[in-house]
Amino acid sequence: MGLLRVAVFVSGNGSNLQALLDNLTGMVEFVLVLANKPDAYALVRAGKAGVPTAVVRYEDYPHRAAFTRAILDLVTEKKVDLICLAGFNRILDPLLIEAFPLRIMNTHPALLPAFGGEGMFGRRVHEAVLASGAKISGATVHFVTAETDRGPIILQAAVPVLDDDTPETLAGRVLAAEHRLYPEAVRLFAAGRLRVEGNRVRIIPG
Ligand code: GRF
């Protein structure tokens, strides 16, 4: 039984990918970094880490199911055990989720179930948090299910919302929390310490 085989899906900068690579290389095997954008800087990060990459552009497919099928073929060929969405900006067809039940994780830059769901990603999340007057925000790592941002929550971390925050300053504080949280969630999964009970995730003591 070798190391857990992990694929990371990216669309942009890849700072979450970098946090995973920095913290988990050697503890899990990163077998693929998949991007839906050929210019994603995350691909450069993967290349520097010697991780195989693939680009699957949404625009190259007639519809979401075909796009997802192409991705499913790739992760199947690579014998992936766990898929980590890290800034991946496309909704995946349920066929991938059905093929990887409770084996796809995502990081969301807010404290789900608040400030999540359709259309709530990136800067919009932080704008909504600031507009709401909330005093804390944070990061959530959760399992991916068919309902966007509503899968079982694995880990969360809170950060303060400061009076003079802008969406950018809040985003930076939340991102730092994500960079701590995501590697920990994958480490717990690799150690078999996550027990999903309904929509709750119990962490088995080490
Ligand atoms: C993160 O804030 C993540 O929560 C959101 O998009 C951002 C990805 O950033 N989904 P990066 O590409 O990992 O730097």
Side-chain angles (χ1 to χ4, degrees), residues 6-25 28 30 32-49 51 53-58 71 82-92 96-97 104-130 132 134 136-145 147-162 165-187 189:
V6 177
V8 186
F9 291 8
V10 296
S11 298
N13 178 29
S15 70
N16 278 287
L17 166 68
Q18 194 65 57
L20 291 169
L21 292 170
D22 293 347
N23 287 278
L24 299 178
T25 297
V28 304
F30 291 99
L32 178 66
V33 169
L34 184 145
N36 62 322
K37 299 281 182 194
D39 59 349
Y41 187 69
L43 292 167
V44 172
R45 297 177 189 271
K48 286 179 178 172
V51 179
T53 61
V55 176
V56 180
R57 288 164 28 100
Y58 188 78
I71 290 173
L82 175 68
I83 295 171
C84 292
L85 308 184
F88 193 68
N89 64 11
R90 282 287 176 190
I91 300 292
L92 292 159
L96 185 76
I97 298 162
I104 306 175
M105 288 186 187
N106 183 44
T107 174
H108 183 78
L111 294 176
L112 294 176
F115 304 107
E118 288 292 316
M120 285 300 274
F121 55 84
R123 195 176 196 278
R124 292 184 191 175
V125 174
H126 308 298
E127 287 170 345
V129 168
L130 292 172
S132 77
I136 60 164
S137 189
T140 302
V141 178
H142 63 97
F143 284 115
V144 172
T145 56
E147 196 181 351
T148 303
D149 293 338
R150 296 307 302 268
I153 291 170
I154 301 166
L155 293 173
Q156 292 190 303
V159 303
V161 179
L162 305 179
D165 262 331
T166 64
E168 287 67 32
T169 57
L170 178 55
R173 195 170 310 118
V174 171
L175 200 54
E178 292 181 86
H179 293 166
R180 291 192 307 277
L181 222 53
Y182 217 166
E184 177 62 9
V186 175
R187 194 180 64 76
F189 183 96

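Both counts, for ligands and for their atoms, begin at 1 and track the order of listing.
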*Least distance between heavy atoms, Gly151 atom then His142 atom*: O-CB, 3.8 Å
*Please report the shortest heavy-atom distance between Pro183 and Glu178, naming the atom on each side.*
CD-O, 4.0 Å
_Atoms of ligand 1 close to Leu175 [distance to a heavy atom under 4.0 angstrom, numbered from 1]_ = 1 (C), 2 (O)
*Backbone N or O of Leu43 within a donor-acceptor pair of the Thr53 side chain at under 3.5 Å?*
no
*Indicate yes or no for a side-chain donor-acceptor contact from Asp149 to the backbone of Gly116 under 3.5 Å, with no hydrogens or angles considered.*
no
*Write out the residue and atom name of the closest protein heavy atom to atom 14 (O) of ligand 1, then the distance separating them to 0.1 Å.*
Ser15 OG, 2.5 Å
*Among protein heavy atoms, which lies nearest atom 9 (O) of ligand 1, and at what distance?*
Asn16 ND2, 3.8 Å
*Any idea which protein heavy atom is nearest atom 3 (C) of ligand 1, and the distance to it?*
Glu178 OE1, 3.2 Å
*Between the candidates Gly12, Gly87, Ala110, Gly14, which shows the shortest non-hydrogen contact distance to atom 12 (O) of ligand 1?*
Gly14
_Under 4.0 Å, counting heavy atoms only: does Ala42 come that close to any atom of ligand 1?_
no
*Salt-bridge present (Glu184, Arg187; N to O < 4.0 Å)*: yes
*State if Val10 counts as touching ligand 1 under the rule of any non-hydrogen atom under 4.0 Å.*
no
*Test Asn23 against Arg180 for side chain to side chain donor-acceptor pair (under 3.5 Å), laying out the working first.*
CA-CA 9 Å; Asn23 287 278; Arg180 291 192 307 277; over 6 Å; no
